[in-house]
Structures are given as structure tokens and as C-alpha cells.
Amino acid sequence: MTNTQKALALINTFTNGDTKQAQNLLAANYIQHNLAYGTGRDAFVGSVDYLASAPVKTTVKNVRAFADGDKVFLQNVYNFAGNGEQVAFDIFRFDEEGLIAEHWDNLAAVSAPNPSGRTQIDGTTQKIDLDKTEANREIVKNFLFDVMQGNHAERTPDYFNGDTYIQHNTGIADGLSGLGAALAELAKQGVQMIYTKVHQVLAQGNFVLAVSEGTFGGAPTAYYDLWRVENGKIAEHWDVMETIADKSTWQNQNGKF
């Protein structure tokens with residue numbers, strides 16, 4: 001199996017209850033960054049076993065899947081034991097033996113379509129421009145520094161093709177105009193969206209996923225942003241924001257990032 005196939009096989013153990021396959025795919029010292037779960041292979045296998053015994057079957061739907069070096073990043077929709085649908089980004093790191101050695105994620109409840117009628121997962125899934133992977137990664141890195149971290153906000157229009165930006169954030173309409181209106185409304189409410197540190201920027205072709213740390217309305221927040229780049233401009237955006245849980249509640253000490 002490719003690394004992407006292995007990552008998909010692992011998340012599907014949540015629905016098929018195959019603890020043996022989960023054990024075979026994971027490194028013994030598997031590192032978990034989802035703070036609601038214990039770390040290590042045994043803890044993951046235990047979760048698979050627990051979900052298999054639940055009265056309501058867990059469902060897993062993969063929407064997009066990408067590979068970048070020793071990492072695979074996925075956009076998924078989960079419904080764990082009937083507790084409600086959640087949109088997620090998952091990142092898996094593979095070791096030299098091809099085993100899954102580390103995992104990061106961000107999850108949020110499925111919401112109604114945004115003001116432009118777009119959902120958190122719809123839109124194109126086609127991977128193209130594989131030869132432009134590094135150039136597209138660099139565009140997003142620069143965008144994060146200039147715009148999201150507020151170092152050169154005046155350069156914002158340079159990253160877009162006019163007002164054609166397609167937006168999947170649950171509360172923001174399409175276009176730069178939609179983004180500007182949403183940020184202005186947040187400012188009126190005294191809510192700031194701050195990106196302080198970028199931890200990972202993963203890419204394959206025209207898709208780039210950034211994992212960032214910051215605050216939203218003063219609360220520590222993890223930002224997972226997936227951008228589609230077209231002809232050197234940012235064309236489309238999906239995201240999952242998650243408030244970072246208080247450290248007293250963490251089930252592992254690996255940290256969110």
C-alpha cells in the first residue's frame with residue numbers, strides 16, 4: 001500500500017473495528033497530538049475496540065487525500081458512535097519502516113452552508129500542477145506571513161485574482177469582499193483572529209494545508225487552512241478552527257502541534 005492508502009485504511013478501522021489492522025499500521029511508539037486521546041499504539045487500538053462495541057456504528061468519509069514526503073494529509077467527515085458529524089483535517093507522519101508514527105488533527109462540527117451557499121467540504125477535489133507543488137507552498141507561506149500574521153496587510157490583493165475567491169468557511173461569503181466584511185464585523189464585536197506561529201505547511205500540486213497557532217477572541221486556537229492555488233493566485237479555501245483545550249484536560253502531554 002502507498003502511505004495514502006495506509007492512512008485511509010487506518011481511519012477506516014474506526015468503522016470496521018479491525019484492531020489487528022490498526023496494530024499492523026501503527027508504530028509502537030505512535031505519537032498522538034489529539035489531546036482528547038492517550039498516546040501510543042495501544043491507546044489507538046483501544047479506541048478502535050471501544051468504537052466497535054458502541055451501539056451506533058461510527059462512519060468515516062474521506063473527501064480529499066494528499067501526500068507530501070513522509071506525511072499524508074486528509075480532509076474527512078467523521079461521526080463517532082452517533083455523536084454527530086464532524087469535519088476534520090488529519091495529518092499522519094510515517095517512519096522509515098512505513099509505519100504511522102505520529103498524528104495531528106483539527107475537528108469541528110458540521111455546520112449549515114455559508115452565506116454563499118457553500119459547505120465545509122464541497123468544491124473541486126482534482127489534484128493538478130504537481131510540478132508546481134513547491135511554488136504553491138511558497139505562495140502560501142508568504143501569504144501567511146504577509147496577510148494572516150499581519151506583517152504586510154497591504155499586499156492582500158496581490159494574492160488573489162480580483163474578487164473571485166471561493167470560500168468554504170462557515171461564516172464568510174465568497175470573494176475578498178466577503179472576507180473583508182466578515183473581518184469588519186468581527187472587529188465591531190471586539191473579536192480578533194490572530195495567527196502567531198505557523199507549524200506546518202504541507203502541499204501536493206495545487207493544494208496547500210497550513211497548520212497555525214494563534215488566538216480567536218482571546219482563546220488559544222489551532223487553525224488548519226487548506227488553500228487551492230490556481231495560476232499563482234489563491235483561488236479557494238477550506239478550514240477547521242479548534243479551540244485548544246485547557247492543559248488540565250489533556251489525555252497526553254505531546255501538545256497540539
Side-chain angles (χ1 to χ4, degrees), residues 33-37 63 73-78 83-91 103-116 118-121 123 140-156 159-160 165-202 208-228 234 236-252 254-257:
H33 293 276
N34 182 314
L35 302 174
Y37 294 92
V63 182
F73 55 107
L74 310 175
Q75 185 183 33
N76 300 308
V77 179
Y78 295 107
N83 287 317
E85 286 193 318
Q86 294 177 291
V87 177
F89 284 109
D90 290 281
I91 300 170
H103 170 251
W104 302 260
D105 66 355
N106 241 27
L107 298 97
V110 169
S111 297
N114 71 12
S116 293
R118 305 191 190 278
T119 74
Q120 292 152 289
I121 59 171
V140 168
K141 282 184 176 180
N142 292 336
F143 175 72
L144 286 160
F145 179 81
D146 287 344
V147 179
M148 304 310 292
Q149 292 184 290
N151 291 295
H152 297 285
E154 73 281 0
R155 296 179 186 169
T156 301
Y159 289 95
F160 299 91
Y165 182 47
I166 299 170
Q167 178 64 261
H168 296 272
N169 179 286
T170 58
I172 304 177
D174 283 350
L176 272 184
S177 56
L179 179 61
L183 293 176
E185 182 59 31
L186 286 175
K188 276 171 52 179
Q189 298 171 20
V191 176
Q192 287 186 297
M193 182 174 66
I194 298 173
Y195 282 57
T196 54
K197 185 175 183 179
V198 178
H199 289 271
Q200 299 189 59
V201 181
L202 304 175
V208 183
L209 176 71
V211 177
S212 307
E213 181 176 2
T215 58
F216 185 79
T221 300
Y223 295 101
Y224 278 52
D225 293 281
L226 179 68
W227 283 284
R228 181 174 63 83
I234 293 174
E236 195 163 4
H237 171 250
W238 301 259
D239 69 336
V240 172
M241 291 168 45
E242 184 180 327
T243 302
I244 300 172
D246 185 84
K247 196 168 184 178
S248 65
T249 69
W250 292 7
Q251 298 302 302
N252 68 70
N254 299 322
K256 182 70 175 172
F257 303 100

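Along the sequence shown, residues are numbered consecutively beginning with 1.
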Could you state the interatomic distance from [atom1] ([X]) to [atom2] ([Y]), rounded to the nearest 0.5 Å?
{"X": "Asn151", "Y": "Asn142", "atom1": "CG", "atom2": "CG", "value": "11.0 Å"}
{"X": "Leu179", "Y": "Tyr165", "atom1": "CG", "atom2": "OH", "value": "6.0 Å"}
{"X": "Ile91", "Y": "Leu74", "atom1": "CD1", "atom2": "CG", "value": "9.5 Å"}
{"X": "Asp225", "Y": "Tyr195", "atom1": "CG", "atom2": "OH", "value": "3.5 Å"}
{"X": "Leu35", "Y": "Ile244", "atom1": "CG", "atom2": "CD1", "value": "8.0 Å"}
{"X": "Leu202", "Y": "Leu209", "atom1": "CG", "atom2": "CG", "value": "5.5 Å"}

If we ignore hydrogens and angles and just use 3.5 Å, is the side chain of [X] paired with the main-chain N or O of [Y] as donor and acceptor?
{"X": "Glu213", "Y": "Lys197", "value": "no"}
{"X": "Asn252", "Y": "Asn34", "value": "yes"}
{"X": "Asn106", "Y": "Ala222", "value": "yes"}
{"X": "Asn254", "Y": "His33", "value": "no"}
{"X": "Ser116", "Y": "Asn114", "value": "no"}

What heavy-atom pair brings [X] and [Y] nearest, and what distance separates the two atoms?
{"X": "Tyr78", "Y": "Ala88", "value": "CE1-CB, 3.6 Å"}
{"X": "Met193", "Y": "Leu183", "value": "CE-CD2, 3.9 Å"}
{"X": "Ala210", "Y": "Trp227", "value": "CB-CZ3, 3.9 Å"}
{"X": "Asp105", "Y": "Tyr224", "value": "N-OH, 3.4 Å"}
{"X": "Trp250", "Y": "Gly255", "value": "CZ3-CA, 3.9 Å"}
{"X": "Thr170", "Y": "Ser111", "value": "CG2-CB, 3.6 Å"}

Could you check if a side-chain atom of [X] sits within less than 4.5 angstrom of a side-chain atom of [Y], using non-hydrogen atoms only?
{"X": "Val198", "Y": "Met148", "result": "no"}
{"X": "Asp146", "Y": "Tyr159", "result": "yes"}
{"X": "Phe257", "Y": "Gln200", "result": "no"}
{"X": "Trp104", "Y": "Phe73", "result": "no"}
{"X": "Thr215", "Y": "Gln192", "result": "no"}

Quick one: salt bridge (Lys or Arg N to Asp or Glu O under 4.0 Å) partners of Lys188, sequence neighbours excluded? Glu185
With His168, which of Arg118, Gln120, Glu236, His237 fulfils side chain to side chain donor-acceptor pair (under 3.5 Å)? Glu236
Under the side-chain hydrogen bond (donor to acceptor under 3.5 Å, both in side chains) test, residues paired with Gln149 that sit two or more places apart: none
Centroid-centroid distance, Phe89 to Tyr223, less than 6.0 Å: no
Test ring pair (Phe, Tyr, Trp, His ring centres under 6.0 Å) applied to Phe216 - qualifying residues, sequence neighbours left out: none
